[in-house]
Amino acid sequence: ILCFADRFGAPRPIRLTISGIAKKPESLKCRRYLIDVSHSNVINDESKADLEAVPCEFKQSGESIVTTFDLENNAVTLVEL
């Protein structure tokens with residue numbers, strides 16, 4: 001998921017909904033990697049050269065699972081289940 005300042009403004013609220021998953025959200029292992037001004041950004045901070053994981057949690061919503069988060073300008077995130 002990408003967020004570019006020129007297109008969307010900041011921060012952008014994200015709601016990711018996934019259907020067709022047979023497991024309950026509490027049994028899923030979720031990782032969300034983030035690259036933005038303060039995460040995984042060696043240009044702003046040389047100590048942040050590694051890809052950083054941030055908290056990720058899904059909740060049940062009908063027959064789908066849902067997670068929400070804000071994404072800052074010029075950021076990219078990857079959600080892995």
Side-chain angles (χ1 to χ4, degrees):
I1 301 171
L2 306 169
C3 182
F4 292 112
D6 293 339
R7 293 188 178 178
F8 301 118
R12 181 120 173 125
I14 304 295
R15 177 182 168 97
L16 177 62
T17 304
I18 302 173
S19 58
I21 304 266
K23 294 183 178 182
K24 296 287 183 193
E26 55 274 1
S27 67
L28 290 173
K29 290 185 180 178
C30 175
R31 284 190 209 154
R32 183 165 78 93
Y33 300 100
L34 179 60
I35 301 171
D36 67 6
V37 70
S38 58
H39 298 89
S40 312
N41 191 328
V42 72
I43 301 300
N44 286 340
D45 185 344
E46 290 182 9
S47 70
K48 302 226 175 194
D50 296 328
L51 191 57
E52 294 179 63
V54 294
C56 178
E57 182 180 311
F58 278 86
K59 296 183 178 170
Q60 195 74 41
S61 178
E63 294 184 13
S64 301
I65 58 172
V66 175
T67 188
T68 59
F69 51 88
D70 288 336
L71 200 53
E72 297 293 331
N73 282 340
N74 302 319
V76 61
T77 193
L78 169 70
V79 178
E80 176 184 54
L81 293 178

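Numbers here are sequence positions counted from 1.
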Query raised in the report: Any side-chain heavy atom of I18 within less than 4.5 Å of one from F58?
Result: yes
Query raised in the report: Tell me, do F69 and L34 make a side-chain contact under 4.5 Å, heavy atoms counted?
Result: no
Report task. Check whether L16 and L81 end up in the same hydrophobic cluster, where Ile, Leu, Val, Met, Phe, Trp and Tyr are linked by side-chain heavy atoms less than 4.5 Å apart. Result -> yes
**Report entry** Rounded distance [0.5 Å steps], CG in L78 versus SG in C56
**Finding:** 10.0 Å
Query raised in the report: Within a strict 4.5 Å, meaning less than it, do heavy atoms of the D36 and N41 side chains meet?
Result: no
Report task. Identify, with sequence neighbours excluded, every residue that meets salt bridge (charged side-chain N to carboxylate O under 4.0 Å, His left out) alongside E46. Result -> none
Report summary line: Tested for side-chain contact (heavy atoms from CB on, under 4.5 Å) against S40, the lone hit among V76, I35, D45 is I35
Query raised in the report: Is the closest side-chain heavy-atom distance between V54 and H39 below 4.5 Å?
Result: yes
Query raised in the report: Under the side-chain hydrogen bond (donor to acceptor under 3.5 Å, both in side chains) rule, what pairs show up with a residue in residues 48-69, not counting sequence neighbours?
Result: none
**Report entry** Gap between atom CG of L28 and atom CD1 of I65 - 0.5 Å precision
**Finding:** 5.0 Å
Query - pair C30-V79: side-chain heavy atoms closer than 4.5 Å - result: yes
